[in-house]
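This one's a predicted model, so the numbers in the text were calculated from it and none came from an experiment. In each ligand, atom 1 is the first atom listed, and ligand 1 is the first ligand listed.
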Amino acid sequence: MTEAKIIDGKAIADATIEKVAKAAAAFKEQSGAVPGLATVLVGENPASAVYVRNKGRVAERVGFHSIQKTLPADVSEAKLVALIEQLNDDSLVNGILVQLPLPDHVNESKIIELIKPEKDVDGFHPINVGRLGAGQLDQALIPCTPAGSVILAKSALGENLSGLNVLIIGRSNIVGKPAAQLFLAEHCTVTIAHSRTKDMETLAKSADILVAAVGRPLMVQGNWIKPGATVIDVGINRVPAPEKGEGKTKLVGDVDFEAAKTVAGAITPVPGGVGPMTIALLMHNTLVAACRQNGVAVPASAT
Ligand code: NAD
């Protein structure tokens, strides 16, 4: 039995980050400006706090000006609005990332729509969603996790994905829907499955690329996978790991990795697959945003 190639998301993300760092240096030389990223965290969700810290750390590593704003969980919506408006007007800030989810008393859509589209490095503003949907990828800011998923698929299959069958499981605005748009832009035949989909197994069996973005541990079984397919597991689920000791936990994806790797041609692990790509692409988006705002071409070394 042959085993799937394990796609090393960490290594590919590191390479992307190095490219962004080089391109950021070229951008600085050309424009005299420094790309700036502001991250906004509301509340003390430990997972969100870790993500935001990592984003700030990597931003500094690539030579960006990095600002981190932390607000208490009970902050008023008006105060958050005022902060976004201030960051929108700050010429040293090229990218604004508001870590989701926001507390229930804050209107998440209102906050996302308040961010200037050209500073929306998460790619969640309706203008960027619309540009992606219209195929205007060169003008949009593209959501980071889906963009990372396409890069990882290409690392296994080469640049040309044209005509391949892609099954995306999950239809969220953050992952599933934008991933579908991106694979469509790569001329794939895209199917989106979700919680109401009938007979997902049959759909999965015809997928050359399977993207799982659900948030249900080990939902995708090994025998669903088409032999030789490329499997991109976006899911991040914390589950008990009694084998590591009492009360210990571990991260797993949405795919039964051990079973799937005996069938797939290539597969991303969790952790170490899609996760690291998200931060790398955030840096890429910030550089792109800085270039556009300064009327400078994105250095070729950035891609
Ligand atoms: P979400 O909860 O917003 O969306 C989940 C989607 O799965 C929904 O569209 C729903 O219809 C679908 N779904 C639910 N149950 C299903 C079922 N039984 N069969 C088929 N589809 C079903 O989640 P999200 O924000 O899209 O995140 C999905 C997963 O990806 C989570 O585990 C999340 O932690 C992970 N994630 C990872 C990264 C990363 O950087 N690697 C980034 C974002 C999200």
Side-chain angles (χ1 to χ4, degrees), residues 6-14 16-17 39 45-55 57-58 97-102 104 108-109 112 121-124 129 132 142-153 155 166-183 190-205 207 210-221 224-225 231-239 249-257 267-285:
I6 309 299
I7 301 173
D8 188 345
K10 174 85 175 58
I12 297 169
D14 280 344
T16 306
I17 288 168
T39 52
N45 177 321
S48 295
V50 170
Y51 288 141
V52 167
R53 246 198 331 273
N54 284 344
K55 286 165 185 172
R57 228 191 34 229
V58 179
L97 179 140
V98 178
Q99 185 66 40
L100 303 179
L102 290 170
D104 289 343
E108 210 164 86
S109 315
I112 291 172
V121 281
D122 254 341
F124 297 158
V129 174
L132 173 59
I142 311 283
C144 303
T145 303
S149 300
V150 173
I151 292 173
L152 294 184
S155 78
V166 180
L167 176 68
I168 306 206
I169 311 180
R171 56 173 163 182
S172 72
N173 291 337
I174 292 176
V175 188
K177 283 184 202 159
Q181 296 288 3
L182 284 176
F183 281 105
V190 179
T191 305
I192 306 177
H194 47 78
S195 53
R196 311 282 177 91
T197 296
K198 290 179 188 145
D199 198 3
M200 193 130 44
E201 184 176 339
T202 303
L203 293 174
K205 281 183 172 149
L210 187 150
V211 180
V214 179
R216 293 189 64 191
L218 314 182
M219 185 187 97
V220 177
Q221 317 276 305
W224 292 16
I225 312 281
V231 177
I232 307 294
D233 192 352
V234 182
I236 302 177
N237 308 288
R238 190 163 283 287
V239 297
T249 60
K250 64 177 177 186
L251 294 179
V252 297
D254 291 343
V255 178
D256 182 347
F257 180 81
I267 185 167
T268 61
V270 177
V274 178
M277 292 301 288
T278 299
I279 293 192
L281 271 296
L282 174 66
M283 300 307 136
H284 178 263
N285 276 357

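Residues satisfying the salt bridge (charged side-chain N to carboxylate O under 4.0 Å, His left out) test with Glu201, not counting sequence neighbours, are Lys205.
Here Thr145 has side-chain heavy atoms under 4.0 Å from ligand 1, and that is the only part of it that gets that close.
Annotation for ligand 1: atoms under 4.0 Å from non-hydrogen atoms of His194 are 11 (O), 19 (N), 20 (C), 21 (N), 22 (C). Of all atoms in ligand 1, listed by their number and element, those nearer than 4.0 Å to a heavy atom of Met200 are 19 (N), 20 (C). Those atoms of ligand 1 that come under 4.0 Å of a heavy atom in Val234, given as number and element, are 30 (O), 35 (C), 36 (N), 37 (C), 41 (N).
Under a 4.0 angstrom heavy-atom cut-off, Gly275 registers as being in contact with ligand 1. Using 4.0 Å as the threshold, Ala193 has no heavy atom nearer than that to any atom of ligand 1.
The single protein non-hydrogen atom nearest to atom 8 (C) of ligand 1 is Arg171 N, 3.9 Å, given as residue, atom name and distance. Looking only at heavy atoms of the protein, atom 39 (C) of ligand 1 is closest to Thr278 OG1, 3.7 Å. For atom 23 (O) of ligand 1, the closest non-hydrogen atom on the protein side is Val214 O, 4.2 Å.
The shortest N/O to N/O separation between Gly170 and ligand 1 does not fall below 3.5 Å.
More than 12 non-hydrogen atoms from other residues, nucleotides or ligands lie less than 6.0 angstrom from CZ of Arg238. By the neighbour-count criterion of 12 heavy atoms within 6.0 Å, atom CG of Asp104 is sparsely surrounded, having that number or fewer from other residues, nucleotides or ligands.
The closest donor-acceptor contact from the side chain of Asp254 to the backbone of Arg216 lies under 3.5 Å.
Taking all heavy atoms of Gly9, Ser172, Gly148 into account, the minimum distance to atom 3 (O) of ligand 1 is reached by Ser172. Compare Leu282, Val175, Asn237 by their heavy atoms: the one nearest to atom 27 (O) of ligand 1 is in Val175. When the options Ala179, Gly215, Ser195 are ranked by their closest heavy atom to atom 29 (C) of ligand 1, first place goes to Gly215.
Contact between Asp233 and Val255 at its shortest, heavy atoms only, is OD2-N, 3.0 Å.
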Tell me which donor-acceptor pairs under 3.5 Å the side chains of residues 270-279 have, and how far apart each pair is, sequence neighbours excluded?
from, atom 1, to, atom 2, distance (Å)
Thr278, OG1, Thr145, OG1, 2.9

